[in-house]
Every structure is written in C-alpha cells, then in structure tokens.
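What follows is a short report on a single structure.
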Amino acid sequence: MSKKTEPARPEARLPKGLFDVSAGEIRATEGMLAKIRGVFESYGFEPLGTPAIEYSDALGKFLPDQDRPNEGVFSFKDDDEQWLSLRYDLTAPLARYVAENYQRLPKPFRRYQVGPVWRNEKPGPGRYRQFTQFDADTVGASSAAADAELCMLAADTLEALGVERGQYVVKVNNRKVLDGVLESIDLGGDANVGKRLAVLRAIDKYDRLGEEGVRALLGKGRKDESGDVTKGAGLTEKQANLIVDYVRTVENLRETFGSAPIAAKGIDELEEILKLARAAGYDEKRIVIDSSVVRGLEYYTGPVFEAELTAPIADDKGQPIRLGSVVSGGRYDGLIERFTGEKVPATGISIGVSRLLFGLQRLGKYGESATQGPVVVLVLDRDRIPDYQKMAQALRAANIRAELYLGEGGLKAQMKYADRRGAPCVVIQGGYEKAKGEVQIKDLVLGAKLTALDRDEYLKKQEEAQILVPEAQLVENVRAVLARHKG
RNA sequence: GCCGCCGUAGCUCAGCUGGUUAGAGCGCUUGACUGUGGAUCAAGAGGUCGGCGAUUCGAAUUCGCCCGGCGGUACCA
C-alpha cells in the first residue's frame, strides 16, 4: 500500500502546426513589422484591431445545412450554444466591422491590421495552423486607383524590407477576364460550376506544373511523382488549347477574348491599374499582368494580385524551395453586402508575415542578429545581495540592460550563465574589491577572444580582459566596455 | 484526404542475415580548479529502442495495426 499510483502526467507537447517563438525570432519579426507599419502608415491607412474570435456565421464559414462551421476553422460553442470561430483571415472580420459600424466610418475607409490567424488544416512546409498576416484594405472605393495603390504598396513594402528591384514581382490579373475566358469556351452557366472551378485551379498551378501539367489537369487528369492522381476538368482539346494560350501570353487579350463583355470590362480594369502604376513610376519589372493569377475562388470579384520573391531560395541542404506568394489580395465587392444587402466595393492585400520573414532570412536580409544580453552582476557574498541589486539598478538607471544573478550557482556557474546569456560583461565584487571600494568589470567579449592554449596562459590573459575600477565609476566603465563592442 | 520515406539518449547516428546487462560522438551535471567562460582529464546523469499486438525458446531487428515526423499531392478564405 506504500506504493501510490503515479499521477497521470500530461505530456509536454505542442499541437502540430503551432510553434513557440524564440527571442531572436520575436526581435526579427518585430523589426520587420515596424517597417511594414511605417509604409502602410505613409499611405494613410489607419490601424484597426479586432478580436481573434468571431461568430462563425459572421466569418462566413458556417454550414447552414450541417448546423456547424466549416472544418477548416477552429470552432467551439459558447454558453448560449452559439458557434464561435478563431478568425482565419483579417478580411472577414473587417467586413463584419465595416458592416457593423457603417454609418460612423469615413468612406472610403482605409485600415491596416496585423495579427495572428488560424486555420485548421494539415501543416506543410512553410504552412502552419497559426500565422501572422499584415493587411491593408480600402473599403468604399470602386476605382482602379485603389487597386493600383495596393500593388504599389506591396512593392514599396518589399523594398522597405530590403528586397531589391528584380528580386520580387507584383502580379496582377482580373477575375472578370477569367470569367470571360471561361464563357468563351462555353463553360458559362450554373451547369458548369464544377468545371469552371477545376479550370481555375488548373490555371492557378501553371507556375508550378507548367504547361504540360496544366494541360493534364484540364483534360483527363494528372498523376504526381508519388503516384497520386488528380482528376482533370475533362475539357476537350480545343477548349484546353484556348486556356493554355490564354495563360501563356498576356498579348492580344482584347483581340482574343474582348468580344465577351465581362472579359472586356476586366481588361479595361487591368489596363487602368497598369496605367496608374506606370504613371507613378512602377515599371514592368515591378508590377506586371500575369494571366495565371487566380487566388481564392470564393470572394474575389475583380482585380486579383499577388507578389512573390523571384530571387532563388534554397533550404539548408541547398535544395531550391518554392516559397509561393508572400503578398496576396484583390477586390471583393460582395463581401460586405453579405451583411447589409448593400453593395460596398472593397479591395485589399495581405502580407504573409511568417512566410515573408522566412524568405527574407533565406535571402540574408534579416539575420537573427543575436542581441546583446544584459550585463550580469555576479553574487559572491550572498548576504550582500542588496549591494549587488543596487549596482544593477544603477546600470539600469543609466539605460544599460542589467540583471542581478538570481540563481544558486557558484562563481564558475555564474560566469557560464553570463556567457550563455550573451552578456557583454559581468560585474564582480567580492571581499577584496569591497574592502577597497572597487569593482571588477570583466569584458566577456574580449575574454572570449583570448582563448589560449594552456590554462596558465589563458588565465593570465583573462586578467587582461578584466578591469578594476572604483565602485563610483562602475557605470561609466561598463558603458566604455559596451561601446567597445557595439556593432 | 491520398501516395512515399522515416521513428534507437537532449542532438547526430551505429547496432551484420533475430542471440547475454543497447553503444559512440556531441551536449548536459559534478569535480580536478584559485574568487572567473575556453581547453584538457576524470566521474556521473540520461533509453518503455514511437505505441499496441503477432511470430519465436528468444524481437531494437520479422509481420500487422495505430501514432508521430518529413516530403509530394489534393483542398485552401
């Protein structure tokens, strides 16, 4: 009876697709967010915050027939048996916000927003169940100028983050053109919804699969390297040819498809966006028309855009990585109408912050610069902790990151701790120094450079990295050490 | 979801066709060592061999199912 049953212990583990964020990553991300924010602010967008949780039906992911939300969103019921969901993007909450506050808002309403979003999907390479988006949207403007401006914003933002011209491209297309093309191969009408979606998905994969892959998807279907089969759209060869021709070239769009009124409208809009961008100095290396851009199938109604890094990116083993788009967006004129019944034009872009950061780091734009740790005040005499605390406080008062060693270890352990924290130097005051009213300041950065062969020599040299100063001059001497190792 | 590859210590891996108490390097803790990071030396901690079941006298090793990871693919607001 002496042996009690082990208490059931939870396993310390992280749900898949979610990640802890280290100090270095947080610093890198925050630096990046600050730059993005700066650009967005300069365009006049105002910040907005909305909660992570919304009613599922407001997000538009409620399945009325099944009485529960879409599987792709994390959902749960509140006390009133109402379905709530974690937001899966920042656009749906914006639509809700605008609809709810419509009378109060200046129109056009232009806001930016940054925050985590969640998707309950299988995680993959560069694909998580929580990730950060940084959005800018203009609500209440139907003009192509609003769309053009977002493309320019995307370009400016990437450049502000250090992506050079030629290392990125903003690609623009228009859903109306796509609709017109589909119509011109007799895929209009309700009967062809399935086929239309299949064709759009195939077009979207042109980048990755090339002409051959797309052709397979348009026709009978495609088998990938692992042997998995994707069903094709079942188009005739003639239809498929037209689609492939369309995707392959942006020339002669009007001649080929202009007879369809929707397509003509879309082409007008595309040309207008391009004209505005060119007038503002954004050339064809930065903003281009790309017929293969499709984007989300559910709500985009006109122009769609995406930006990608064109510079080659490789993983640790040197294998090239297909990063995908780092900015995406488009016009969604029907999203607010869902709530109000009134048509409100809107257009926006979304930066995939996590993915972009990954890409930037791969391109060497954003090293996780190991930030300098705090100055550590060592504890030699336990009963003199108040004195040590005072020294740490004096350093803080002088705007120097400093901490008292709070562990239990001996001097050696404390040195090791300071080393690991990346401390530039430590402050030491034992009985000898105290007696003379002095402190030792040991320069750890310099000390590390003096690693000699044998112990005696090492210890001797170590002393060179250590200065003895009057206690009253602690702050200025620490500051001198810090200055020595800046940058 | 589908297809493929992989699961042995904190990390990287070894363990031949089944055969005593499962190993190495790195890392970690302690000491040699003084009131001082590194190096060296010594000692130590750390493993349900992913889990369950089957075959067998005997399974880390063979087979089945499950779980997890990676990659591809599908879906993707």
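Side chains are part of it too, since the values below use all heavy atoms of this structure and drop only hydrogens, waters and symmetry mates. Just so we're on the same page: letters track the sequence lines, and every chain starts at 1. The structure presented is a predicted model; accordingly, all values stated were derived computationally and were not measured.
A distance of 4.0 Å separates CZ of A:F74 from CZ of A:R129, quoted to the nearest 0.5 Å. Here CD of A:Q372 is found 10.5 Å from CD1 of A:I400. Values are rounded to the nearest 0.5 Å.
Contact between A:V214 and A:A202 at its shortest, heavy atoms only, is CG2-O, 3.4 Å. Between A:F131 and A:S354, the closest heavy-atom pair is CB-OG, 3.7 Å. For the residue pair A:A28 and A:L357, the shortest heavy atom distance occurs at CB-CD1, 4.4 Å. For A:V376 against A:A423, the heavy-atom pair with the smallest separation is CG2-CB, 3.9 Å.
In this structure, A:T132 contributes its side chain and A:P116 its backbone to no donor-acceptor pair below 3.5 Å. Formation of a donor-acceptor pair under 3.5 Å by the A:R175 side chain with backbone atoms of A:G266 is not found in this model.
Nucleotide B:U34 holds its P atom 13 Å from the CG atom of A:L380, rounded to whole Å. Atom NZ of A:K122 is separated from atom C1' of B:C75 by 11 Å (rounded to the nearest Å). Spacing between atom NZ of A:K442 and atom P of B:G37 amounts to 6 Å, rounded to whole angstrom units. Distance CD (A:Q440) to C1' (B:U36): 10 Å, rounded to an integer number of Å. Rounded to whole angstrom, the span from the CG atom of A:L200 across to the C1' atom of B:A74 amounts to 16 Å. If you measure from atom CG of A:L209 to atom P of B:A74, you get 6 Å, rounded to the nearest angstrom. Atom P of nucleotide B:G1 and atom CZ of A:R119 are separated by 19 Å, given to the nearest angstrom. Across the protein-nucleic acid pair, A:M415 atom CE and B:G37 atom C1' stand 5 Å apart, rounded to whole Å.
Judged by atom type and distance alone, A:K223 does not reach the base of B:G4 through any side-chain donor-acceptor pair under 3.5 Å. No donor-acceptor contact under 3.5 Å links the side chain of A:E121 to the base of B:A74. A donor-acceptor contact under 3.5 Å links the side chain of A:R127 to the base of B:C76. Side-chain N/O atoms of A:Y417 and base N/O atoms of B:G37 include no donor-acceptor pair closer than 3.5 Å. Applying the 3.5 Å distance criterion, the base of B:U36 shares no donor-acceptor pair with the side chain of A:K412.
Residue A:Y88 is classed as a base contact, given a heavy-atom separation below 4.0 Å to a base. Residue A:E433 is classed as a base contact, given a heavy-atom separation below 4.0 Å to a base. Across all strands shown, A:K231 has no heavy atoms under 4.0 Å from either base or sugar-phosphate atoms. Within 4.0 Å (heavy atoms only), A:R201 reaches sugar-phosphate atoms of the nucleic acid but no base atom. Among the protein residues, A:Q414 comes within range of no part of the nucleic acid, since none of its heavy atoms lies under 4.0 Å from any strand. Within 4.0 Å (heavy atoms only), A:V426 reaches no atom of the nucleic acid at all. Within the nucleic acid shown, A:K416 comes within 4.0 Å of sugar-phosphate atoms alone, with no base atom in reach, counting heavy atoms only. A:I428 comes within 4.0 angstrom of a base, heavy atoms only. Using a 4.0 Å heavy-atom criterion, one finds that A:R208 contacts the sugar-phosphate atoms exclusively. Nucleic acid contact for A:D443: base, since at least one base atom lies under 4.0 Å from a heavy atom of the residue.
Comparing B:G37, B:U73, B:U29 by their closest approach to the side chain of A:T230 singles out B:U73. Of the candidate nucleotides B:U73, B:A77, B:A74, B:A77 has the atom lying nearest to any side-chain atom of A:Y300. Picking from B:G37, B:U29, B:G72 the nucleotide with the shortest atom distance to the side chain of A:R420 gives B:U29. Of the listed nucleotides (B:G37, B:G69, B:C76), B:G69 has the atom at the smallest distance from the side chain of A:K16. With B:G72, B:G37, B:A74 as the choices, the nucleotide that has an atom nearest any side-chain atom of A:R222 turns out to be B:A74.
Each of A:P15 and A:Y299 has a nearest nucleotide on RNA chain B; the 5'-most of these lies closest to A:P15. Place A:L217 and A:Y432 on RNA chain B by their nearest nucleotides, and A:Y432 ends up nearer the 5' end.
A:F134 and A:Y112 have parallel rings, their planes meeting at less than 30° on a 0 to 90° scale where 60° marks the start of perpendicular.
Annotation: proximity of residues 324-349 of chain A to RNA chain B (heavy atom, distance under 4.0 Å) is found for no residue.
B:G50 and B:C16 have their P atoms separated by 14 Å, with the value rounded to a whole Å. When the P atom is used for both B:G10 and B:U36, the distance is 32 Å, rounded to whole Å. Nucleotides B:U30 and B:A45, compared at atom C1', are 10 Å apart to the nearest Å. To the nearest whole angstrom, the two C1' atoms, one in B:C52 and one in B:G71, are 27 Å apart. Between B:C28 and B:C11, the two C1' atoms lie 11 Å apart (nearest whole Å). For the P atoms, the distance linking B:U61 with B:G15 amounts to 15 Å, nearest Å. As rounded to the nearest Å, B:G18 and B:U56 have C1' atoms that lie 9 Å from one another. Straight-line distance between the C1' atoms of B:G51 and B:U8: roughly 15 Å, to the nearest whole Å.
Cation-pi geometry between A:R111 and A:F109 is not satisfied (NZ or CZ under 6.0 Å from the ring centre, within 45° of the ring normal).
Summarising the base pairing, B:U36 is matched to no nucleotide, lacking a Watson-Crick or G-U wobble pair whose two defining distances lie under 3.5 Å. Remark: B:G4 base-pairs with B:C70. Criterion, Watson-Crick or G-U wobble with two distances under 3.5 Å. As the counterpart of B:U17, no nucleotide is assigned, since no Watson-Crick or G-U wobble pattern has both distances under 3.5 Å.
Crowding of A:E212 atom CD: a count of heavy atoms from other residues, nucleotides or ligands under 6.0 Å not exceeding 12.
At the phosphate of B:C76, neither OP1 nor OP2 sits under 4.0 Å from any side-chain N or O atom of A:R129.
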